[in-house]
Engineer: 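Have a look at the structure that comes next, please.
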Amino acid sequence: MIVHVALSIPVTKTFSYSVPEKWEPFIKRFLRVRVPFKNKTLVGFISDMDDGVDTNLKEIYEIVDIFPLMNDKLILLCEWASHYYITPIGIVLKYAIPASLHIEKYLTIKALEGRVLALDNVPLKKAYTAIGKDTVFQHYKEGLIELCDAFTNKPFSPLAEKSKSMEKPERILYIGDIESRLEYYTDLISIHLNKGGNVLMLLPDYYITGRYFYRMLFKRFHNNVLWYGATTKGRQRMETYFKARNEGGFLILGNISCTFLPVLNNSLIVVDRHEEDEYRNEEGFKFNAGLLVMKRAEIEHIPVVFGSVAPSMEIFKFVQDGNINIIEKAWLKNKKYSEIITEKNISSYGTLPEELIKIINTAIEKKEIVAIFTPRKDYSSYIQCLDCKRPFLCPVCQGIMSYQKHKNLLVCPACSKNLEYKEMCMNCGSNLIRFSQIGAEYFEEKMKNILKNIHIVRITGETIKEDLENLKNVSHETPAIIIGTQTLSKLYGLHANKLILIGWEELLRIAGYRAEEKMFQVFTNLLDALSPEEIYIVMERKKGVNTTYFLNLKTFYLEELKKRRAAEFPPYLRIFLIEVEKKGEQAGIKIINKIKEIIEKEGLTGYVTGPLMQKKKGYRWRIILKGNKELFYKSLLQIYNIPEVRIEADPLYI
DNA sequence: GAAATAGAACAT
DNA sequence: TGTTCTATTTCA
């Protein structure tokens, strides 16, 4: 017997192996197998098999699991994702079933018949070494034993398919503030839990947000709330895994790692703030969890709810096309908006306008909490020598360096190189240095200088521990100033009386084609999390934006969609970023020409930027392809299989 | 993706 | 002719 195995390597073809006789009876599609590859061992998935014999092929070492860990529906989801994101199925499957899942570790044998009584209560791994894995498999197949996990004590068996209900499951975009969202979620969730189903709920991946949701939902569902997020590790992770797989009536809170989680009787999927970038997986297999769980809900024939105050353009387009129903609760009422227009750019010179200081002082007198938003976390993101006029550039990649004062470090945001700041110009040695593009750290220092004995904290989401520690003493008993980046919009449960945005309009430059969308989302989510009564927007006269544009949700989205359509950008056309990195220029051009040839043959539109100087020696090229994927799927596959080429579907920043 | 191999460029 | 860096191939 020959099996064709999908490996987690960036080639789309599969690799064939022959199967030793003792494993033959257990071969099944999508089983994990351990195989020799080059001079190491890899775990792959059986994508197909046939009865032929080929003595030239290497043999598989063993079958890893006793049955495929995912059911047909989850596999269908993986296959869809593989196609949609131009990623080999082996890589997708490996993401869905990561090596960090230690399933066997928690399984124990239960003997069902007298003749295997010796195996009763023996840990699975022990039995493997004692009588051989194939013998254990044989016993299982013959129904002599069961495998029970340590958490539910229920038999481990292939994930059952849910019986299909007749009614068409709903897709809902719920627009409302955090309190109304929680109320809506809770009602819906309890309906499904009461029927014995499980519910998956995806949250933005930030500890403080997660804790808030857990607290609120625990009030209603108590110990039926489970965790499956980034901070859930080891034993706790496996506990959720087995409970979700074997039992019903649980609400599973988590992050993107829930996308492919096997769930028994999955009845509802909720995604809160689906527009957040954290739903995009950036390592290896790049996908958007919000979109994938929408597909999952479709495949599993269950309802899905997207709750937010600032939906993504993609989701809003689904609404417009009639593919998602919208429920909109009025909010943003009773807010006082003011603009503070400055003649000079604060970010460049760091002088705060008098008006702003007055506002802060009155807030302190009234014992209020003031939140200050800035788009940057560091002290300064642009350091320039006033003598030679040159900016501080990264010695490795020539990127513009940022300065972190508390560590006295110059860091490169592009390649994360960092070095100590020597208080002089890197080029000419002058000590006339100007810090501009200032961020949270700078404002913190400035505030501490102006306001003595006032509680001033900085929240940037860099280290959760620090953020938690900083927030510990903030209460409405004493005035406080909280300075932070977008992370401020995750601080649910903390009420700031005043919100001041400094440099918000600079997101226009930072966020690429999604700039306006991002601005809307940052602004609206800040209001949602902090629920301030008064909002102050500090802008430079020259670069000011029309604030009212961002205050009306409907008109904003319709207008943005119009612009996107005219510019042929997502959600109307998809974007594929093709990147080539080479040390030598000629070698790079050769590959680029190959890609161009494929593109031209299919008559596709695309354009090349670069070569961009990268690192000490080396070049990088970028080709951007825009269009409907189905039209050029074959070409993209061809391009994918060229070595040294990476394709990123739906890149966040271009 | 990464090791093995082939090829180019440079120094001795 | 060896040494080192870069490009290409191949994995079953």
Side-chain angles (χ1 to χ4, degrees), chain A residues 1-24 26-64 78 81-82 85-100 281-287 396-397 415 577-598 610-621 636-649:
Chain A
M1 190 186 233
I2 293 167
V3 284
H4 310 289
V5 178
L7 295 169
S8 179
I9 56 173
V11 278
T12 51
K13 66 176 177 185
T14 56
F15 293 80
S16 309
Y17 296 85
S18 62
V19 180
E21 214 173 309
K22 66 171 181 177
W23 293 117
E24 269 194 28
F26 313 110
I27 294 293
K28 240 184 139 182
R29 284 192 83 202
F30 296 104
L31 267 177
R32 283 197 293 179
V33 282
R34 199 162 279 122
V35 296
F37 189 79
K38 276 275 172 81
N39 43 16
K40 57 190 170 202
T41 308
L42 291 183
V43 171
F45 293 80
I46 298 176
S47 79
D48 219 338
M49 56 268 195
D50 55 61
D51 285 330
V53 177
D54 190 339
T55 47
N56 292 323
L57 294 176
K58 288 188 181 175
E59 289 189 327
I60 64 166
Y61 289 141
E62 64 166 9
I63 295 177
V64 178
C78 289
S82 161
Y85 290 111
I86 330 269
T87 305
I89 186 70
I91 294 181
V92 177
L93 289 166
K94 183 75 184 285
Y95 178 89
I97 307 174
S100 57
N281 188 50
E282 287 297 337
E283 289 153 20
F285 164 38
K286 300 189 175 180
F287 66 91
V396 177
C397 77
C415 72
L577 177 64
I578 303 169
E579 271 186 320
V580 179
E581 240 174 280
K582 276 271 147 177
K583 290 246 165 71
E585 197 176 8
Q586 288 311 311
I589 288 170
K590 223 168 110 183
I591 291 177
I592 290 295
N593 286 337
K594 227 174 176 175
I595 296 170
K596 273 185 177 165
E597 208 177 287
I598 295 170
L612 303 164
M613 272 302 281
Q614 263 275 307
K615 293 177 181 168
K616 269 180 188 152
K617 222 181 164 196
Y619 299 84
R620 184 160 83 173
W621 289 261
L636 282 172
L637 265 193
Q638 269 182 62
I639 294 169
Y640 185 91
N641 282 316
I642 302 171
E644 312 285 327
V645 179
R646 281 197 312 275
I647 300 182
E648 188 182 344

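Letters A, B, ... are given to chains in the order of the sequence lines, protein chains preceding strands, and every chain is numbered from 1.
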Engineer: If you define the side chain from C-beta out and look only at heavy atoms, does anything of Glu644(A) sit under 4.5 Å from Glu581(A)?
Structural biologist: no
Engineer: Could you list all N or O pairs between the protein and nucleotides 9-11 of chain B that sit under 3.5 Å apart?
Structural biologist:
none

Engineer: Without placing hydrogens or testing angles, list every side-chain donor-acceptor pair under 3.5 Å for residues 85-96 of chain A, not counting sequence neighbours.
Structural biologist:
unit_1   : atom_1 : unit_2    : atom_2 : d
Tyr85(A) : OH     : Asn288(A) : N      : 3.0
Thr87(A) : OG1    : Tyr85(A)  : O      : 2.9

Engineer: Among residues 87-96 of chain A, which residues get a heavy atom nearer than 4.0 Å to DNA chain C?
Structural biologist: none
Engineer: As an exercise, state the distance from CH2 of Trp23(A) to CD1 of Ile60(A), rounded to the nearest 0.5 Å.
Structural biologist: 7.5 Å
Engineer: Which one of Val645(A), Ile598(A), Thr12(A), Ile595(A) satisfies the side chain to side chain contact (heavy atoms under 4.5 Å, CB included) criterion with Gln638(A)?
Structural biologist: Ile598(A)
Engineer: Count the heavy atoms belonging to other residues, nucleotides or ligands that lie under 6.0 Å from CD of Glu282(A), then report whether that count exceeds 12.
Structural biologist: yes
Engineer: Which nucleotides of nucleotides 7-12 of chain C have their base under 4.0 Å from a protein heavy atom (B), which only their sugar-phosphate (S), and which neither (-), written as one string 5' to 3'?
Structural biologist: SBBBBB
Engineer: So do Tyr619(A) and Lys582(A) actually touch side chain to side chain, heavy atoms under 4.5 Å?
Structural biologist: no
Engineer: What integer distance in Å separates Ile647(A):CD1 from dG1(B):P?
Structural biologist: 13 Å
Engineer: Tell me, do Asn641(A) and Val11(A) make a side-chain contact under 4.5 Å, heavy atoms counted?
Structural biologist: yes
Engineer: Could you give the side-chain donor-acceptor pairs of residues 33-47 of chain A under 3.5 Å, partners two or more places apart or in another chain?
Structural biologist:
unit_1   : atom_1 : unit_2   : atom_2 : d
Arg34(A) : NH1    : Glu62(A) : OE2    : 2.2
Ser47(A) : OG     : His4(A)  : O      : 3.4

Engineer: Would you list the pairs meeting side-chain hydrogen bond (donor to acceptor under 3.5 Å, both in side chains) in which at least one residue belongs to residues 585-596 of chain A, sequence neighbours left out?
Structural biologist: none
Engineer: Would you say the side chain of Val3(A) lies within less than 4.5 Å of the side chain of Tyr17(A), judging by non-hydrogen atoms?
Structural biologist: yes
